[in-house]
Amino acid sequence: MTSHWLMKSEPHVYPWSQLVKDGSTHWDGVRNYQARNIMRDQMKVGDMVLFYHSNCKPPHVAGIAKVCKEAYPDFTAQDPGSKYFDPKATPENPRWMMVDIEPIMELNPVTLPELRQNGDLEGMPLLMRGQRLSVQPVSAEHFAIVCQIGGLDSNSL
DNA sequence: GCCAACGTTGGC
DNA sequence: GCCAACGTTGGC
């Protein structure tokens with residue numbers, strides 16, 4: 001059984017269009033234990049991902065991606081030249097993990113106000129007060145609704 | 001640019 | 001192990 005997730009990216013850092021260009025990407029730079037644990041323990045190849053653009057106007061879901069590689073050490077944590085460098089990360093204890101994702105389908109942007117306005121999305125973690133996790137779970141039902149708003153029948157995926 | 005919410009750090 | 005100080009996220 002595949003699971004569904006939402007991953008946040010700031011479009012000026014790594015936009016959906018770049019993921020399409022790259023064909024796939026390693027999701028480096030997550031430095032939050034809860035988000036790391038989700039990637040490390042729960043995300044499986046084939047899981048579906050809502051690719052969310054945060055910190056822009058308006059914030060929105062930009063497309064559908066898929067997990068194409070399961071968790072492995074985030075090497076940027078061990079690279080002193082990286083802005084994600086963490087001196088506590090070592091080869092023996094890499095501390096931070098990442099997964100790879102690949103783009104599946106672009107959506108008509110589904111904005112945050114649209115999401116908030118849809119009563120069937122009540123309880124979606126993204127919409128909860130104070131929610132900041134950059135990797136978070138999405139129910140199959142909510143995933144399907146977001147796809148539908150974005151003009152995609154998720155059954156066709 | 002403001003600030004609420006939340007996570008992390010480090011002194012004790 | 002408590003908690004104050006600080007840093008970050010991210011919507012507005």
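So you know, we letter chains A, B, ... as the sequences are listed, proteins then strands, and number each from 1.
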Undergrad: For DNA chain C, which residues of residues 108-119 of chain A approach it to below 4.0 angstrom with any heavy atom?
TA: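 The stretch gives A/L112, A/R116 as the residues lying under 4.0 Å from the strand, ordered by number.
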Undergrad: What do you reckon, is CD of A/Q18 surrounded by more than 12 foreign heavy atoms closer than 6.0 Å?
TA: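 Atom CD in A/Q18 is crowded, with more than 12 foreign heavy atoms closer than 6.0 Å.
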Undergrad: Is the backbone of A/V30 close enough, under 3.5 Å, to the side chain of A/R36 for a donor and an acceptor to pair up by distance?
TA: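 Checked: no pair found.
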Undergrad: Could you check A/K57 against A/R31 and say which one's nearest nucleotide on DNA chain B is further toward the 5' end?
TA: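 On the 5' side of the pair lies A/K57.
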Undergrad: Have A/D100 and A/Y72 got a donor and an acceptor in their side chains that come within less than 3.5 Å?
TA: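 Short answer, yes.
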Undergrad: I need the NE2-C1' distance between A/H60 and C/dG11, as an integer number of Å.
TA: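 So the two atoms are 15 Å apart, to the nearest Å.
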Undergrad: Can you say whether the rings of A/F51 and A/Y14 are parallel (under 30°), tilted (30 to 60°) or perpendicular (over 60°)?
TA: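 A/F51 and A/Y14: tilted rings.
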Undergrad: Separation of A/L127 atom CG from C/dG11 atom P, in whole Å?
TA: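 Spelled out: CG on A/L127 to P on C/dG11 is 11 Å.
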Undergrad: Would you list the protein and nucleotides 4-9 of chain C atom pairs, both N or O, that sit under 3.5 Å from each other?
TA:
{"residue": "C/dT8", "atom": "O2", "partner": "A/R132", "partner atom": "NH1", "Å": "2.9"}

Undergrad: Counting the atoms with a prime plus P, OP1 and OP2 as sugar-phosphate, which does A/Q131 contact under 4.0 Å by heavy atoms, base, sugar-phosphate, or nothing?
TA: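 Nothing: the residue A/Q131, judged by heavy atoms under 4.0 Å, touches no strand.
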Undergrad: If you measure from the Lys or Arg side-chain nitrogens to the Asp or Glu carboxylate oxygens, is any gap between A/R31 and A/D86 under 4.0 Å?
TA: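 Not counted as a salt bridge, because no side-chain N and carboxylate O are separated by less than 4.0 Å.
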Undergrad: Could you tell me how far apart A/M124 (CE) and C/dG11 (C1') are, to the nearest whole angstrom?
TA: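 Result: 16 Å.
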Undergrad: Using a 6.0 Å cut-off, check whether atom CD of A/Q78 has over 12 heavy atoms from anything other than its own residue.
TA: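 Yes.
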Undergrad: Can you check whether A/W16's main-chain N or O pairs, donor with acceptor, with A/H53's side chain at less than 3.5 Å?
TA: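 Here the side-chain-to-backbone pair exists.
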Undergrad: Would you please test A/M39 and A/M7 for side chain to side chain contact (heavy atoms under 4.5 Å, CB included) and show each step?
TA: CA-CA 11 Å; A/M39 291 197 293; A/M7 298 174 99; 4.3 Å; yes
